[in-house]
There are 2 protein chains.
Amino acid sequence: MSPQPAALRQASPTELGVGARFSVHPMTDDFVSVILGALDDADPGGLTVQTDDVTTWVAGDDREVVAYVVEVLRLAARRTPTGHVVGSVLLSRGCPGSVTCDIGTDVSLPPAATFDLPAAGVPVGAHWALYPLGGDEHLAAIETAIDRIADFDVEVGREHFVTRLDGDLAAVLGAVATVWATLGERVQHVTTHLTVSIGSPSRRVVGTE
Amino acid sequence: MSPQPAALRQASPTELGVGARFSVHPMTDDFVSVILGALDDADPGGLTVQTDDVTTWVAGDDREVVAYVVEVLRLAARRTPTGHVVGSVLLSRGCPGSVTCDIGTDVSLPPAATFDLPAAGVPVGAHWALYPLGGDEHLAAIETAIDRIADFDVEVGREHFVTRLDGDLAAVLGAVATVWATLGERVQHVTTHLTVSIGSPSRRVVGTE
């Protein structure tokens, strides 16, 4: 009789390489103080945060990572005189190395977190792409995710290469994070990219039609 | 004796769904005139170009698509009083539908184009991610692509989730497009995301160290 395999413990966020890489683009001459002010005012808690001249890397628990990104974008929007801020957000899980994605054989993929974010009070329009990596079922997985995101408090539209999402900043990020984390229960390496537009004058024109 | 299979013709850009989705973020109060002016001044030639409030979609021959994106970013940088512009660029091939990626059975994947772009005269720092979708060899394909990009006139660094590229705007976009198109010779659906930072004051500080 062969021994029962030991139950695998769930991989930690660090073992999974859970995190975000994001950038904030305030459309104002005063962009330096807006970006630095928003980063200063947002509380990173126990997250690892490193900013360089292109993007900011945030690593840690995925609920905290997403809440932090929402908070930085919200604060940047509040500080921007023109009101127009765009955020570019990449969420990644399952590939802790720069190229190799070895998470070891003694851990399992954890169940998805629940992303309960309070409304940010900031309406956004966003373009979203989801990438489950490895395996032949990527299209079915993406299709399931798009179907699922319609259950959240966001408007969903289909565009070339991306899905359009409209709603509150926190609702959009929370919905995206939930389907990303849920896919991560069975696909190890999952990334998602989001361009989030706040206060676009083009959008205001559209809104008055 | 069974008949020889007919040679497959190469899929057209439209059949492959070749294109870009990009956005330009000039850090200035005058962002509207910079964005609209750059889009007006760049020649789209025979490309399909559609701008909404979040991003601009460009479809057509991949060399023309990439040249157009470089030109819009270059013109936006020239028009921005603060000099700081960030571009967010997604290139996609092999998935012409919004979710399904059916390109038919009578076509084959074409050989990669050569992206010979004249220097833009605009130094950039960029964060780059490459996603071959479907199949189990995605990491080997990414590793090969990162090795190959070092052959171009760009500086290459490894970061969490992304590869850092520094060089002329056209050199960086050309290198990324080449490895993307080359991977597309054997993987049908390949996307790549790039955040391109032009004229960041943080970068200038780094540059004086």
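Here is how names work: the chains are called A, B, and so on, in the same order as the sequence lines, proteins then strands, and each is numbered from 1.
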If we define contacts as heavy-atom pairs under 4.5 Å, which of B/Leu90, B/Val32, B/Thr191, B/Thr51 has the most with chain A? B/Thr191
If one checks every heavy atom of B/Thr55 against chain A at 4.5 Å, the contacting part turns out to be both
Of all the heavy-atom pairs spanning A/Leu133 and B/Pro132, show the shortest one and how long it is. CD2-O, 3.7 Å
Are more than 12 heavy atoms from other residues, nucleotides or ligands located less than 6.0 Å from atom CZ of B/Arg186? no
Taking everything shown except B/Gln10 itself, do over 12 heavy atoms lie less than 6.0 Å from its CD? yes
Specify which of A/Arg164, A/His127, A/His189 makes the most heavy-atom pairs with chain B at under 4.5 Å. A/His127
Scanning both residues in full, the closest heavy-atom pair of B/Phe161 with A/Ala20 reads CE1-N, 3.7 Å
Closest non-hydrogen atoms of B/Pro96 and A/His160, given as atom of the first, atom of the second and distance, are O-ND1, 4.3 Å
Counting heavy-atom pairs under 4.5 Å with chain B, the top scorer among A/Gly19, A/Pro81, A/Ser88 is A/Gly19
Here the pair of heavy atoms bringing B/Met27 nearest to A/Pro26 is SD-O, 3.3 Å
Per-residue contact mode, B/Ser23 against chain A (heavy atom under 4.5 angstrom): side chain
Other residues, nucleotides and ligands only: do more than 12 of their heavy atoms fall within 6.0 Å of CG on B/Asp153? no
What distance separates B/Asp29 CG from A/Thr82 OG1, expressed to the nearest 0.5 Å? 6.5 Å
For A/Leu139 and B/Cys101, the nearest pair of non-hydrogen atoms, with its separation, is CD2-SG, 3.5 Å
Heavy-atom distance under 4.5 Å to chain A: side chain of B/Glu159, backbone, both or neither? both
Would you say the rings of B/Phe31 and A/His25 are close, in the sense that their centroids are separated by under 6.0 Å? no
Minimum heavy-atom separation for A/Val54 to B/Ala126, with atom names? CG2-N, 4.2 Å
Please report whether the ring centroid of B/Tyr131 lies less than 6.0 Å from that of A/His138. no
Atom pair OG (B/Ser202) and CG (A/Leu36), whose distance is rounded to the nearest 0.5 Å: 7.0 Å
